[in-house]
Amino acid sequence: MHEVFETVAAAVPDIRAGLPGRRRKTDEENASGETQLAADVWADELLEERLTALDSVGAYASEERDDVVDAGDGVSVAVDPLDGSSNLKSNNPMGTVVGVYDAPLPASGTGLVAAGFVLYGPITTMVVAEGAAGRPASDATATEYVVEDGTPRDVGAVELPEDPTVYGFGGRVPDWTDDFEAFVREVEDELKLRYGGAMIADVSQVLTYGGIFGYPGLRDRPEGKLRLLFEGAPIAYVVEAAGGASTDGERSLLDVPATRLHQRTPVFVGDDAYVERVESL
Ligand code: FDP
């Protein structure tokens, strides 16, 4: 396992232990204009300190800070320290998302050599997909670990089930485009709704039961909500490694050019046939 993920796993008990006292909002906004929780800021600082201390890490970027932190030579790590942190108040699942890019940031998903996430659910798990520089994500393998005590315990390969069962789409229905809403009406007849409001937890449903997760472009925000470098590309890498597909509506999320560190993108990941239907809209 890449030492970035060993380090993330080792930080998990500390992150978990620090959450109960950090459910309040701060007066600060992150680079995307969202109010930060004390937990967002704290998890970001903890991961920055531990990941930049690694010899193999040359840069650290996070959804919670404006600029890239220079740490010398090595891979660039892009982190969403607490994905779905608005679930903290209601005590619902959240995650940590990590992309390891063999390129300076901002970089597109073709620069990813590994990506993964921690899911703070009833059990704390971590899924890691690892490949090689210059190789497609479909050549990578995805593995699930239990990381309760900070030591990853392999619990098996992650493979997207062939029969799709669940779907979850973000955003308010009145903000969806007509075409997208019509597509969701079809999907409602075919699959079962599973939406919890934290991308990692919702994608985990799809990885476990098969189906599709998406956060579409909205009427007044065609670029959607999720961030390409911190969320879209890493999760696409994991899902493609697990045998699924991804799209921003036109092409794999791994092929979307990255021009800005905090750029947003529509995100769809999961079953090939459903991803193709999104692309045909
Ligand atoms: P959150 O704002 O709580 O951090 O990345 C942002 C995110 O959560 C995703 O985890 C989640 O999928 C999405 O936003 C949920 O947005 P909505 O509240 O608009 O459904």
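Basis for what follows: all heavy atoms, side chains included, without hydrogens, waters or symmetry-related copies. Whatever order the structure lists them in is the order used to number ligands and atoms, beginning at 1.
- The closest approach between a heavy atom of Arg227 and any atom of ligand 1 is below 4.0 Å.
- The protein heavy atom nearest to atom 19 (O) of ligand 1 is Tyr215 OH, 2.7 Å.
- When Gly214, Ala201, Ser32, Gly84 are checked for heavy-atom proximity to atom 8 (O) of ligand 1, Gly84 turns out nearest.
- In this structure, of Arg264, Met199, Glu231, the residue bringing a heavy atom nearest to atom 5 (O) of ligand 1 is Glu231.
- Residue contacts with ligand 1, taken as heavy atom pairs separated by less than 4.0 Å, do not involve Arg172 at all.
- By the criterion of a heavy-atom distance under 4.0 Å, neither the backbone nor the side chain of Phe230 is placed next to ligand 1.
- Tyr195 OH, 2.6 Å is the protein heavy atom nearest to atom 20 (O) of ligand 1.
- Near Ala198, with a cut-off below 4.0 Å to any heavy atom, the atoms of ligand 1 are 10 (O), 12 (O).
- Side-chain atoms of Ser246 and Tyr237 form no donor-acceptor pair, as typed in the model, at a separation below 3.5 Å.
- For the residue pair Ser62 and Asp44, a side-chain donor N or O sits within less than 3.5 Å of a side-chain acceptor on the partner.
- Contacts of Leu226 with ligand 1, taken as heavy-atom pairs under 4.0 Å, involve the side chain alone.
- Counting heavy atoms from C-beta outward, Pro136 and Glu240 have side chains that stay 4.5 Å or more apart.
- Residue Asp83 approaches ligand 1 through these ligand atoms, each under 4.0 Å from one of its heavy atoms: 5 (O), 9 (C), 10 (O).
- More than 12 heavy atoms of other residues, nucleotides or ligands lie within 6.0 Å of CZ in Arg221, so this atom counts as buried by the packing criterion.
- Remark: ligand 1 and Lys225 share an N or O pair separated by less than 3.5 Å (distance only, no angle test).
- At a cut-off of 3.5 Å, with distance as the only test, no side-chain donor of Glu223 or Gln263 sits close to an acceptor on the other residue.
- Around CZ of Arg24, the count of heavy atoms belonging to other residues, nucleotides or ligands within 6.0 Å does not exceed 12.
- The six-membered or imidazole ring of Tyr167 lies away from that of Tyr274, with a centre-to-centre distance of 6.0 Å or more.
- No side-chain donor from either of Asp179 and Thr177 sits under 3.5 Å from a side-chain acceptor of the other.
- Ligand 1 has an N or O atom lying under 3.5 Å from an N or O atom of Ser86, backbone or side chain.
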